[in-house]
Amino acid sequence: MSNGVRYGRGDSTPHTARQQELERYKDRFRRVTDHGAELLAYLERSGCGIWRCEQDQSDSRRWWINITLQPNVAEMFDAHLEIQLVYAEYPEVEPRLLELVQRRISTNARVDHGLFMIASLDADVERLLRRRRGEFAAIDLHLGDLGSDAPDIRHRMAAVLTSVDHYDMTTPVHDPGGFFGRTAEFQQIVSAIERGQSVGVFGLRKTGKTSLLNFVAGRRRDAGRAVVWVDISGLASADDFRVRLLEGAWGSVRGLDANEGEMPRLRALNRNGELKIGIDLMRLHWLRDLEALSRHASGRLEIFIDEIDQLHPARSHLGADANDMMIALTQLRGMIQSAEPQSGLVLICAGVDPALFERPLLRAGTDNLLYKLVRLMYLAPLSRDEMAEMVRDLGRRMGVRVREHEVIDFLFAEYGGHALLTRKACSLAVQQRHRDEIPWHMSLESLEVGARKDGEGSPFRQASEILDSFAEWFPEEANLLRDLWSADSEERELGRMLFDEDPRRLSHAGPYGLVFPDTTEPRIRAVERAVSSGV
């Protein structure tokens, strides 16, 4: 017998064998839990249909219940699929439970992927859920507080969904529920990895490079690959890089199902994966240990490095240690270039400036031994369809509808698919709605109001900062763009003459999404407006 049953919305008298079996599970849920009867009564008062009820096989305190909303409530929140509800008799909910829920719903086509419910004894779970805004919408129900006077599901959903701004998110996405678009880029990276080809993803700040790497790394882990993640911005030295890479590789290989038994004996790490020798000896043995780990993984180690441009001596925050960091990465080159099917390394990295792999010489004329080590991939902002999906899906998680094509047209024309600018603009628009207005339809007028604001943190001000950031890496291209978009006609004419003379002067502006390919036409209109207004 299965440990859970599904059937359609029914009446109080079960007619089929499956319905009767579900009723038996519901009866058991009431008997063996402290608050199960109260929760089921609450759902019944709220008019919810129960389609599945099963106890977790690994934790008896946890139950999984699939519910549906009343038709009018489902229409209000645009939530027509089944909703996953997890019952957990925990005094404190930890982040790993949320990750478990997300993994469960992401593979089930019958349930909503952007919304779930959690019933627990944790009075502070709402704070935990708020920190994950933008990744999913979760309705928290406090067990023991679901009596007859408690607000029903409709009121609880309205209170929670209108209090969280899912557009207001500025940090990289870690959960698949908050990741949008990039299907083509994802497939290109995975295809390259499977061929043993290293990839470097480069683009403007806040265009989703780290989120894309997070997404790829997560999928590769789910596929049973040995994945190692290193963020250069968090390192203090080249030795720190070597140790983190080595320990990360050990942990990743150890976590593979096939390696539950004995791990290889290493010279630098002990049986717990910790450094057991001095730094000087570690420098001698770390590559040999990495090779041993890659062989034990029965495949390549997949090394994800964020902020890779910080390794360039002319760009690095490490000062004098930058040269040592370059030496460390160069030492990996042999394993990366060999990329044997059953061993070696494949590198997946991200940054703003591709000079580390794009230019044959470093400063002072030194040969760049990393030249062309990776395949370069430039990450432009989202396409119009990808941007529309993001705007509509995030809005749905907060009771916001985006249906007018004029709204999508304006967002793409003004912000060019740049995720951060688009979300910020939508966040400002949502501030204009009344709390009790559900659903709230985003209008063109509400976006135009936000686009005119030029205060700190506004999308207009952030658009100007995009060109400033681009100028740090590509000053000549940024100066040309300022001429092309200047309010001064003579400067515009000069810029046009320079571009016509050599279109390669904007070799990065196109791939990075500041202009449309092979043109000087701004893709992000807000950046052009910032330049022409002198911001």
Side-chain angles (χ1 to χ4, degrees), residues 58 96 99-100 103 174 176 186 189-200 210 212-232 234-235 237-279 281-306 308 325 328-350 373-374:
S58 62
R96 63 173 175 264
E99 294 163 4
L100 176 63
R103 286 198 299 271
H174 292 272
F186 170 78
I189 294 173
V190 171
S191 295
I193 293 173
E194 295 289 352
R195 295 194 305 269
Q197 182 180 36
S198 294
V199 178
T210 302
L212 176 59
L213 255 64
N214 277 330
F215 186 71
V216 176
R219 291 298 181 91
R220 299 300 289 174
R221 289 190 190 97
D222 292 344
R225 307 296 183 175
V227 170
V228 185
W229 181 281
V230 179
D231 185 349
I232 297 298
L235 299 181
S237 67
D239 289 328
D240 191 13
F241 172 72
R242 293 183 179 98
V243 172
R244 291 201 189 187
L245 186 57
L246 190 54
E247 292 181 344
W250 189 95
S252 181
V253 173
R254 182 68 179 87
L256 299 177
D257 291 340
N259 293 319
E260 293 182 352
E262 194 69 24
M263 288 286 285
R265 295 191 65 178
L266 306 177
R267 300 190 179 195
L269 302 183
N270 62 23
R271 294 183 178 181
N272 295 320
E274 301 166 339
L275 191 66
K276 66 179 181 181
I277 58 178
I279 293 298
L281 286 176
M282 181 275 297
R283 293 175 189 150
L284 296 175
H285 300 306
W286 75 294
L287 283 176
R288 187 176 301 173
D289 282 358
L290 276 178
E291 291 174 352
L293 287 168
S294 71
R295 289 193 298 270
H296 202 70
S298 298
R300 307 179 189 95
L301 292 175
E302 300 180 6
I303 310 298
F304 288 75
I305 301 182
D306 200 13
I308 189 72
M325 192 73 82
L329 188 57
T330 303
Q331 288 175 317
L332 291 174
R333 185 181 60 170
M335 289 185 66
I336 294 172
Q337 290 178 327
S338 66
E340 296 295 334
Q342 298 302 320
S343 64
L345 304 180
V346 61
L347 177 64
I348 309 94
C349 56
L373 180 63
V374 305

Do [X] and [Y] come within less than 4.5 Å of each other through their side chains, counting heavy atoms only?
| X | Y | result |
| --- | --- | --- |
| Val216 | Ile193 | yes |
| Asp231 | Ile305 | no |
| Leu329 | Ile308 | yes |
| Glu247 | Leu275 | yes |
| Val230 | Phe241 | yes |
| Ile303 | Ile336 | no |
| Leu293 | Pro264 | yes |

Nearest heavy atoms of [X] and [Y], plus distance in Å:
| X | Y | result |
| --- | --- | --- |
| Ala297 | Val253 | CB-CG2, 3.9 Å |
| Met282 | Ala268 | CG-CB, 4.5 Å |
| Leu213 | Cys349 | CD2-C, 4.0 Å |
| Met335 | Leu287 | SD-O, 4.1 Å |
| Trp250 | Arg271 | CZ2-O, 3.2 Å |
| Gln197 | Val346 | O-CG2, 3.5 Å |

Is [X] reaching over with its side chain to a backbone N or O of [Y], donor-acceptor style, under 3.5 angstrom?
| X | Y | answer |
| --- | --- | --- |
| Ser198 | Leu347 | yes |
| Asp306 | Thr210 | no |
| Asn272 | Glu274 | no |
| Lys276 | Leu266 | yes |

Pairwise distance [atom1]([X]) to [atom2]([Y]) - rounded to 0.5 angstrom:
| X | Y | atom1 | atom2 | answer |
| --- | --- | --- | --- | --- |
| Trp286 | Leu246 | CH2 | CG | 8.5 Å |
| Arg225 | Ser252 | CZ | OG | 11.5 Å |
| Arg300 | Ser294 | CZ | OG | 10.5 Å |
| Trp229 | Glu302 | CH2 | CD | 13.0 Å |
| Leu345 | Glu291 | CG | CD | 8.5 Å |
| Leu245 | Asp289 | CG | CG | 11.5 Å |

Under the side-chain contact (heavy atoms from CB on, under 4.5 Å) criterion, do Arg267 and Arg288 qualify, and how do the steps go? CA-CA 8 Å; Arg267 300 190 179 195; Arg288 187 176 301 173; 2.8 Å; yes

Could you walk me through whether Val227 and Phe304 pass the side-chain contact (heavy atoms from CB on, under 4.5 Å) test, one step at a time? CA-CA 7 Å; Val227 170; Phe304 288 75; 3.7 Å; yes

Considering residues at least two apart in sequence or located in another chain, which fulfil the salt bridge (Lys or Arg N to Asp or Glu O under 4.0 Å) criterion with Arg283?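 Here the qualifying residues are Asp239, Asp280.
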
Set out, in order, the CA-CA distance, both residues' side-chain angles and the distance that settles side-chain contact (heavy atoms from CB on, under 4.5 Å) for Leu235 and Met325, then state yes or no. CA-CA 10 Å; Leu235 299 181; Met325 192 73 82; 4.0 Å; yes

Any salt bridge between Glu194 and Arg220, counting N to O under 4.0 Å?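 So Glu194 pairs with Arg220 through a salt bridge.
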
